[in-house]
Amino acid sequence: MADRKLSTVEEQVTSVLPPGDLPVYEPEYTADEEALAALGYKAEFKREFSLWTSFCVSFAVLGLLPSFASTLYYGMGYAGTPGMTWGWLIAMAFIQCVAASMAELCSSMPTSGGLYYAAAVLAPPGWGPLAAWITGWSNWLVQITGAPSVDYGMAAMILAAASITNPEFVPQNFQVFLLTVFIMVIQSFISSMPTKWIANFNSVGSTFNILALVIVIVMIPAATNRTEQGMPKFNPASEVWGNFYQGTSFSNGVALLMSFVAVIWTMSGYDAPFHLSEECSNANIASPRAIVLTSGVGGLFGWFLQFVVAYTVVDIDAALESDLGQPFAAYLLQALPQNVTLAILALTIMCAFSMGQGCMVAASRVTFAYSRDDCFGPLSSVTKRVNRHTRTPVNAVWFNTAVGIAMAVLILGGELAAGALFSIGAIAAFVAFTIPIFIRVFLAGDRFRPGPWNLGRASRPIGAMACAFVLLMLPILMLPSVTGGDLDATGMNWTCLVYGGPMIFILIWWVVSARKWFKGPKINIEHHMMGRGEGGIDGVPQDGQESSSGSSTKDDKNGLEMDKAGKLA
C-alpha cells in the first residue's frame, strides 16, 4: 500500500487537514481507512456494515409502522386525511432534497461525526467551531430523544392492547413511564454487543419491519369491517383528499404544514448511515446510497400506509380522544375486528422494538464521535472509550440511556408534555441537517470537494430547495394548535421551550466557556506537512521532501488552527 499514500487534496474528501497534508498511513491500510485518515481520524471500529446492513439500521430507525402509529395524533389530528395523502407527498418531495444533500456530504466526509464534522470543515474561516457546536448539540438532541419517543409509543401500544383485551384496565402515565424505561434498558444491552452482532440483529429487525409494513398495508383494506357497520368499504375520494379536519384554529393551509411534523419525525432516521460510516466498508459510496435508499423507500411505503388509513378511518375525533391513550389502536378498533386489531398492534410493537434499538445504536455513535472531540467536557474521557471486548462504544450507550430515562419523565406530565419528545426530534433534526447543507450551498464555495457519490450540477439547486423548506417549517413546528383566548397552558406547543431552553444554555456555555477550549473536530492521527514553509506537525519526510516543524499553523482552508499534537486548537 506504500504507493497509495495520497494527500488530502488527492483523496475525494473534504478534510479538516490543510491541503497538502499527508496522513501517516500504515502499510496495511485499506481504501476506507486511507479516506478516514485523510479526514484526520484513525480507524477504531471494525468495518462490518455494508450497504444493506447500513440501510437496515437506518430503515429500522425510520420504523415506518411504529413511527406512523406514534405520530398519528399529529399527522391526522391537525389537517385530517388531506394531510395524510397529498400533504405527505409535498413534504416528501422536499425531504428527499434534504436527504440527497446530506448523502453528498456523507460521501465527501464519511465519519461518525457526520453533519457536525461537515459544518466545522465547510464554515467560513473562524466560524468552524461555532458551526460545529450548534450542529452537534442539535443533532445530539435528535439522537437522544429518538429511543425514548419510540419506546414511549411502544409502551402506549402495549398497554392499549392490554386495555382492549380487558376494558376495565385504563393505562396510567406512570405505567407508561415504567414500561418505557424497562424497554430502553433491554435495548441498551443489545446495543452494547459487538458490531457484527448488532448488524445481524438489525438486519433481521429491518427485514421484519419491511414484511410487517407490507402485511399491514394489505391487511387493513382486506379485513376492514366498515360494511358491517353500515358504511361503504372505503371513504369517498372527495372526502379523503378534500375534507380538512378542523384540528387547529389556523387556516387549512397552515394546518397542512403543521401536519408535516409527523412526516418530518417519521423520516428523520435516514442520517443513520452517516453516523455508521466508520463501521461500513466502501463507506464513501455505500453510506450515501443507504441514506438515499432509506429516504426513497421510506417515503414511498410511508405514503402507502397513510393512504390505506385515510381511506378506512371511521371517526377522527373518536380516534384522537379515545381512553386507550393511543390513536392508532383506537383507529384500528374502528375499522377492523378486534382479533385483527391485536395482530396489527403485535406487529407494530415488534417493529417498534427494532426501531428503538436502531435509534440507540445511531445515538451511541454520535455521542462517541462528539466525545472524541471533547464536546461533553470532562465527561468525554468516559463516553469516548471503545470497549476492548466488543469494540463498540458501550459507555456512550449507557450514558445515552441515562439521559433518555431522564427525558422520559415528561411522560408523567401527560400526552402534551410527552409530545415534546416528538417535536424536539423534528425541529432539532431539521436544524442539524440543514446547517451544513446551507453552509455548503451558500458559503463554502470551492472548499467543498465532492466525494464519489455526488449530485453534480444539481447540488446547489437541490440544497437550496432543502434549505427553503426548512426555513419555512421551523416556525410552523412551534405553532400551538389553538390561538387567541382559547390558548392556555394545556394547548401550548412547548417545543420552543423544551428545544430552545437547552439550546440557549448551550449558546451561553459557548460564550462563557466552550469557545475557549472547543475548536471542532480533533485530529487523532499522525500527519505532516508536504514540504511547505509554514510551521506544522513533526513528521517523517516522504518522497524526498523535508519535514517541517513548528508550534502551530493556520489552516487557510477552514480557519481552524492545529497545534503540535495534531488537534484543532
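Given the structure is predicted, the values throughout are model-derived calculations rather than measurements. Only this structure's heavy atoms are used, side chains among them; waters, hydrogens and symmetry mates stay out. Heads up: numbering here begins at 1 and tracks the sequence.
Counting all heavy atoms, side chain and backbone alike, Gly298 lies closest to Leu64 at O-CD1, 3.4 Å. In terms of heavy atoms, Met157 sits closest to Ala69 at SD-CB, 3.9 Å. Considering every non-hydrogen atom in both Met473 and Phe260, the closest pair reads CE-CB, 3.6 Å. Across Ala429 and Val142, no two heavy atoms sit closer than the pair N-CG2, 3.0 Å. When all heavy atoms are compared, the tightest approach of Trp197 to Met193 is CE3-SD, 3.8 Å. The two residues Thr135 and Ala119 have their closest heavy-atom pair at OG1-CB, 3.5 Å.
For the side chain to side chain contact (heavy atoms under 4.5 Å, CB included) test, residues two or more places apart in sequence or in another chain that qualify with Cys280 are Phe49, Ser54, Ala283, Ala286, Ser287. Not counting sequence neighbours, the partners of Gln306 by the side chain to side chain contact (heavy atoms under 4.5 Å, CB included) test are Phe68, Met84, Trp88.
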Subject >> Verdict with reasoning, Thr53 to Ser50, per side-chain contact (heavy atoms from CB on, under 4.5 Å) >> reply: CA-CA 5 Å; Thr53 52; Ser50 63; 3.2 Å; yes
**OP:** Let me see the working for Met109 and Leu122 under side-chain contact (heavy atoms from CB on, under 4.5 Å), right down to the final yes or no.
**Re:** CA-CA 11 Å; Met109 292 163 273; Leu122 297 175; 4.2 Å; yes
**OP:** Mind running side-chain contact (heavy atoms from CB on, under 4.5 Å) on Thr390 and Asn387 for me, showing each step along the way?
**Re:** CA-CA 6 Å; Thr390 65; Asn387 186 278; 3.3 Å; yes
Original post:
Between Phe376 and Phe399, does a ring pair (Phe, Tyr, Trp, His ring centres under 6.0 Å) hold up when you go through it step by step?
Top reply: CA-CA 11 Å; Phe376 298 100; Phe399 171 69; 5.7 Å; yes
**OP:** Go through Val386 and Thr392 one step at a time and tell me if the side-chain contact (heavy atoms from CB on, under 4.5 Å) criterion holds.
**Re:** CA-CA 5 Å; Val386 175; Thr392 55; 5.8 Å; no
Subject >> CA sep, side-chain torsions, deciding dist, call: Ser67, Thr266, side chain to side chain donor-acceptor pair (under 3.5 Å) >> reply: CA-CA 5 Å; Ser67 291; Thr266 298; 4.7 Å; no
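Side chain to side chain, Trp398 and Ser192 meet the donor-acceptor criterion of an N or O pair below 3.5 Å. A side-chain donor-acceptor contact under 3.5 Å links Thr367 and Asn400.
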Only pairs under 3.5 Å count here: list side-chain donor-acceptor contacts from residues 345-363, not counting sequence neighbours, and write none if there are none.
{"from": "Thr348", "atom 1": "OG1", "to": "Ile344", "atom 2": "O", "distance (Å)": "2.8"}
{"from": "Gln357", "atom 1": "OE1", "to": "Asn202", "atom 2": "ND2", "distance (Å)": "3.3"}
{"from": "Gln357", "atom 1": "NE2", "to": "Ser191", "atom 2": "OG", "distance (Å)": "3.3"}

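Annotation: side chain of Leu472 is not in contact with side chain of Phe94 (no heavy-atom distance under 4.5 Å). Between Leu305 and Leu213 the shortest side-chain heavy-atom distance falls below 4.5 Å. Between Ile220 and Tyr331 the shortest side-chain heavy-atom distance falls below 4.5 Å. Here the side chains of Thr401 and Gln187 are not in contact, with every heavy-atom distance at 4.5 Å or above. Considering only heavy atoms from C-beta on, Ile134 stays 4.5 Å or farther from Trp510 through its side chain. Counting heavy atoms from C-beta outward, Val313 and Ile316 have side chains that approach closer than 4.5 Å. Side-chain contact between Tyr499 and Val431 is present, with heavy atoms from C-beta onward closer than 4.5 Å. Looking only at side-chain heavy atoms (C-beta outward), Arg515 and Leu130 stay at 4.5 Å or farther from each other.
Atom CG of Leu333 is separated from atom CG of Leu342 by 7.5 Å, given to the nearest 0.5 angstrom. Interatomic distance, Ile183 CD1 to Leu179 CG, rounded to the nearest 0.5 Å: 4.0 Å. Rounded to the nearest 0.5 Å, atoms OG (Ser58) and CG (Leu293) are 7.5 Å apart. Separation of atoms CD1 (Ile144) and CG (Asn139) is listed at 11.0 Å; rounding is to 0.5 Å. A distance of 11.5 Å separates CD1 of Ile164 from CG of Leu159, quoted to the nearest 0.5 Å. In this structure, CG in Leu115 is found 7.0 Å from CD1 in Ile437, a value given to the nearest 0.5 Å.
A donor-acceptor contact shorter than 3.5 Å links the side chain of Gln172 to the backbone of Val170. Side-chain N or O atoms of Thr383 include none that pairs as donor or acceptor with a backbone N or O of Ala396 at under 3.5 Å. Panel note: side chain Asp374, backbone Ser380; no donor-acceptor pair is recorded below 3.5 Å. Put simply, the side chain of Ser277 gets close to the backbone of Phe274: a donor and an acceptor are under 3.5 Å apart. Side-chain N or O atoms of Ser322 include none that pairs as donor or acceptor with a backbone N or O of Ala319 at under 3.5 Å. No donor-acceptor pair closer than 3.5 Å links the side chain of Asn166 to the backbone N or O of Ala162. For the pair Gln143 (side chain) and Ser364 (backbone), a donor-acceptor distance under 3.5 Å is absent.
A salt bridge links Glu279 with Arg365: the closest approach of a Lys/Arg side-chain nitrogen to an acidic carboxylate oxygen falls below 4.0 angstrom. Between Arg47 and Glu278 no salt bridge is recorded (no basic side-chain N to carboxylate O distance below 4.0 Å).
Between Tyr270 and Phe433, the ring-plane angle classifies as tilted under the 30° and 60° cut-offs. Between Trp137 and Trp509, the two ring planes are tilted [angle within 30° to 60°]. A tilted orientation is assigned to the rings of Tyr74 and Tyr78, their planes being inclined by 30° to 60°.
Between Phe469 and Phe430, the ring center distance clears the sub-6.0 Å criterion. A ring-centre distance under 6.0 Å is found for Trp133 and Phe518. Not less than 6.0 angstrom separates the ring centroid of Phe177 from the ring centroid of Tyr152.
At most 12 non-hydrogen atoms from other residues, nucleotides or ligands lie less than 6.0 angstrom from CZ of Phe301. Atom CZ of Phe169 sits in a crowded spot, with more than 12 heavy atoms from other residues, nucleotides or ligands closer than 6.0 Å.
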